[in-house]
Amino acid sequence: FKLAESEEPAVLMPESGAEEVPIPTTFVLKRCENASRYKVEIATDPEFTDIVHTLETTSSVVTTDALLYDTQYYARVTTKEYLGDGRTGETVSFRTEKQQAPDKPLNNVKLENDIDAVLVQWDPVDKNAANILRKAEGEQDFTLIAENITENGYLDSQVEAGKTYTYVVIPVNDAGEGPAGEELSVTVKEPEVLFTDNFDDGTISDLWTDAEGNQVNTNADDAVVEDG
């Protein structure tokens, strides 16, 4: 049994010198008969002293969403052989595309209501951040309350119980803002009253009234234990 001669691997796409390479970025590799795996190294310098991303794959096609927009990169591929040492191909250079302003709203925007806060959540689209606008009931204009939020949610604690608020989430990136999503409204919950006491004659009573109007004796010394 004799293995085929080791071949020199190569990055076929992106082609060296390519401009406006899309993000996510797909790498097409030369298929080498003796290779069990391929390792693609991506750096910001031709000497590969600053390797920013590494991909390992058994396929000759691999895609990554880890690269930045409008950035010069250098890539090379190294094989891992079934037997013997792997080989490294020539370096290719390319530049990724410039980022465009978002062209669609963020996905699945929703509001979660609590007693003292409103949680605004959404699904990310591409590599966009979010600006959050809000207006209270009776107000005509929206106010920007948070900008360039890179997480998938924002907790708005500057709200009042019992008031209704309307929110709009707008995708944004370095190139500008995108289209606003639909307006969503929520009424902040009122605190639930568990017990009340009118403190008659300036003293604290052992009898409290719960939310359903029932009187409850909170003095443990008055408790009656029935045997049986």
Could you list the residues that satisfy side chain to side chain donor-acceptor pair (under 3.5 Å) with T44, not counting sequence neighbours? D50
With distance as the sole test, does K127 use its side chain to make a donor-acceptor pair with the main-chain N or O of D65 at under 3.5 Å? yes
Ignoring hydrogens and angles, tell me if any N or O in the side chain of T164 forms a donor-acceptor pair with the backbone of E137 under 3.5 Å. no
Transitive ILVMFWY side-chain link [X] to [Y], under 4.5 Å:
{"X": "V120", "Y": "L133", "answer": "no"}
{"X": "V77", "Y": "L55", "answer": "yes"}
{"X": "I170", "Y": "V109", "answer": "no"}
{"X": "L119", "Y": "V186", "answer": "no"}
{"X": "I145", "Y": "V168", "answer": "no"}

Check [X] against [Y] and note the closest heavy-atom contact, atom names and distance.
{"X": "L144", "Y": "A146", "answer": "CD1-O, 3.3 Å"}
{"X": "C32", "Y": "P9", "answer": "SG-CA, 3.7 Å"}
{"X": "S185", "Y": "T166", "answer": "OG-OG1, 2.7 Å"}
{"X": "V169", "Y": "A130", "answer": "CG1-CB, 3.9 Å"}
{"X": "A117", "Y": "S157", "answer": "CB-CA, 4.0 Å"}
{"X": "S59", "Y": "Y38", "answer": "O-CD1, 3.5 Å"}

All pairs passing ring-ring contact (aromatic ring centres under 6.0 Å, His included) where residues 134-153 contributes a residue, at least two apart: none
Can you list every pair that meets salt bridge (charged side-chain N to carboxylate O under 4.0 Å, His left out) and has a residue in residues 99-111, with sequence neighbours left out? none
Among pairs that include at least one residue of residues 68-79, which meet salt bridge (charged side-chain N to carboxylate O under 4.0 Å, His left out), considering only residues two or more places apart or in two chains? E41-R76, D70-R95
With sequence neighbours left out, what residues match [X] under side-chain contact (heavy atoms from CB on, under 4.5 Å)?
{"X": "E47", "result": "D45, T49"}
{"X": "N108", "result": "D123"}
{"X": "E160", "result": "K163, Y165"}

Report, one line per pair, each donor and acceptor closer than 3.5 Å where one atom sits in a side chain of residues 172-180; sequence neighbours left out.
| from | atom 1 | to | atom 2 | distance (Å) |
| --- | --- | --- | --- | --- |
| N173 | OD1 | A175 | N | 2.8 |
| N173 | OD1 | G176 | N | 3.4 |
| N173 | ND2 | Q100 | O | 2.9 |
| N173 | ND2 | N128 | OD1 | 2.9 |
| E177 | OE2 | N131 | ND2 | 2.8 |

As an exercise, state the distance from CZ of R87 to CG of N34, rounded to the nearest 0.5 Å. 10.5 Å
Can you tell me how far CD of E182 sits from CG of L184, rounded to the nearest 0.5 angstrom? 4.5 Å
For I51, which fellow cluster members are found when Ile, Leu, Val, Met, Phe, Trp and Tyr are connected by side-chain heavy-atom distances below 4.5 angstrom, either directly or through intermediates? F48, Y74
W122 vs I132, test: side-chain contact (heavy atoms from CB on, under 4.5 Å). Steps then yes/no. CA-CA 11 Å; W122 59 88; I132 316 297; 3.7 Å; yes
Can you check side-chain contact (heavy atoms from CB on, under 4.5 Å) on V92 and Y73, steps first, answer last? CA-CA 8 Å; V92 299; Y73 287 107; over 6 Å; no
Name the atoms and distances for all side-chain donor-acceptor pairs under 3.5 Å in residues 10-30, with sequence neighbours left out.
| from | atom 1 | to | atom 2 | distance (Å) |
| --- | --- | --- | --- | --- |
| S16 | OG | S93 | N | 3.2 |
| T25 | OG1 | P22 | O | 2.8 |
| T26 | OG1 | T63 | OG1 | 2.9 |
| K30 | NZ | E8 | O | 3.3 |

Applying salt bridge (charged side-chain N to carboxylate O under 4.0 Å, His left out) to R37 and not counting sequence neighbours gives E56
Which is it for K135 and D141 under the side-chain contact (heavy atoms from CB on, under 4.5 Å) test, yes or no, and what are the steps along the way? CA-CA 6 Å; K135 68 178 179 179; D141 300 320; over 6 Å; no
Taking distance alone, no hydrogens or angles, what donor-acceptor pairs closer than 3.5 Å link side-chain atoms of residues 149-156 to residues at least two apart or in another chain?
| from | atom 1 | to | atom 2 | distance (Å) |
| --- | --- | --- | --- | --- |
| D156 | OD1 | R134 | NH1 | 3.2 |
| D156 | OD1 | Q158 | N | 3.2 |
| D156 | OD2 | R134 | NH1 | 2.8 |
| D156 | OD2 | Y167 | OH | 2.7 |

